[in-house]
Amino acid sequence: PLEAQAGSMGSAFDACCGCGGGCADSPPGWVDTYGAGCETYEGNEWCTPEGAVGAGWGASWGSIEDFAVDGVSALAACCACGAGAPSKVVATVTTPTRTTTPLTGGA
């Protein structure tokens with residue numbers, strides 16, 4: 001099983017978004033002082049997944065921390081900016097059932 005192959009980042013289920021693990025922005029729904037959320041930071045390349053300022057961030061804007069709300073900046077809140085919180089999505093798989101009706105009488 002994959003759990004037996006766990007390394008320093010845990011199993012694939014813990015580390016891989018496609019495997020049901022991954023990251024969640026924390027706090028959920030975080031926005032900066034101008035109302036820009038994590039999706040905006042990611043889409044505009046304002047930060048990097050390594051937790052640094054991205055190519056899209058304007059030097060004249062100041063630091064990302066200048067836009068923090070309650071002391072939390074995108075660099076601490078957003079998965080796209082190398083932060084967030086571990087998340088595990090539980091997938092539910094349903095298997096369709098097939099119902100058969102016996103034939104009665106002769107044909």
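In this text the structure is predicted, and so the values were computed from the model without any measurement.
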Report summary line: Taking every heavy atom of Cys23 against every heavy atom of Gly84, the minimum-distance pair comes out as SG-CA, 3.9 Å
Requested in this report: Check Leu75 against Gly51 and note the closest heavy-atom contact, atom names and distance.
Outcome: CD2-O, 3.7 Å
Report task. Sort and list the pairs that fulfil side chain to side chain donor-acceptor pair (under 3.5 Å) and have at least one residue in residues 29-43, not counting sequence neighbours. Result -> Asp32-Tyr41
Query raised in the report: Among the clusters formed by ILVMFWY side chains lying less than 4.5 Å apart, do Val72 and Trp61 turn up in the same one?
Result: yes
Query raised in the report: Is Val53 linked to Trp46 within one hydrophobic cluster, defined over Ile, Leu, Val, Met, Phe, Trp and Tyr using a side-chain heavy-atom separation of less than 4.5 Å?
Result: yes
Requested in this report: Check whether more than 12 heavy atoms from other residues, nucleotides or ligands sit under 6.0 Å from atom CD of Glu65, and answer yes or no.
Outcome: yes
Report summary line: Across all chains, not counting sequence neighbours, the side chain to side chain contact (heavy atoms under 4.5 Å, CB included) partners of Ser26 are Ala85
Query - Residues which pass side chain to side chain donor-acceptor pair (under 3.5 Å) with Asp70, listed by chain and number, not counting sequence neighbours - result: none
Query raised in the report: Under 2.5 Å between the SG atoms of Cys38 and Cys78: is that the case?
Result: yes
**Report entry** Closest approach of Ala77 to Ala83 (non-hydrogen atoms, all atoms of both residues)
**Finding:** N-CB, 3.9 Å
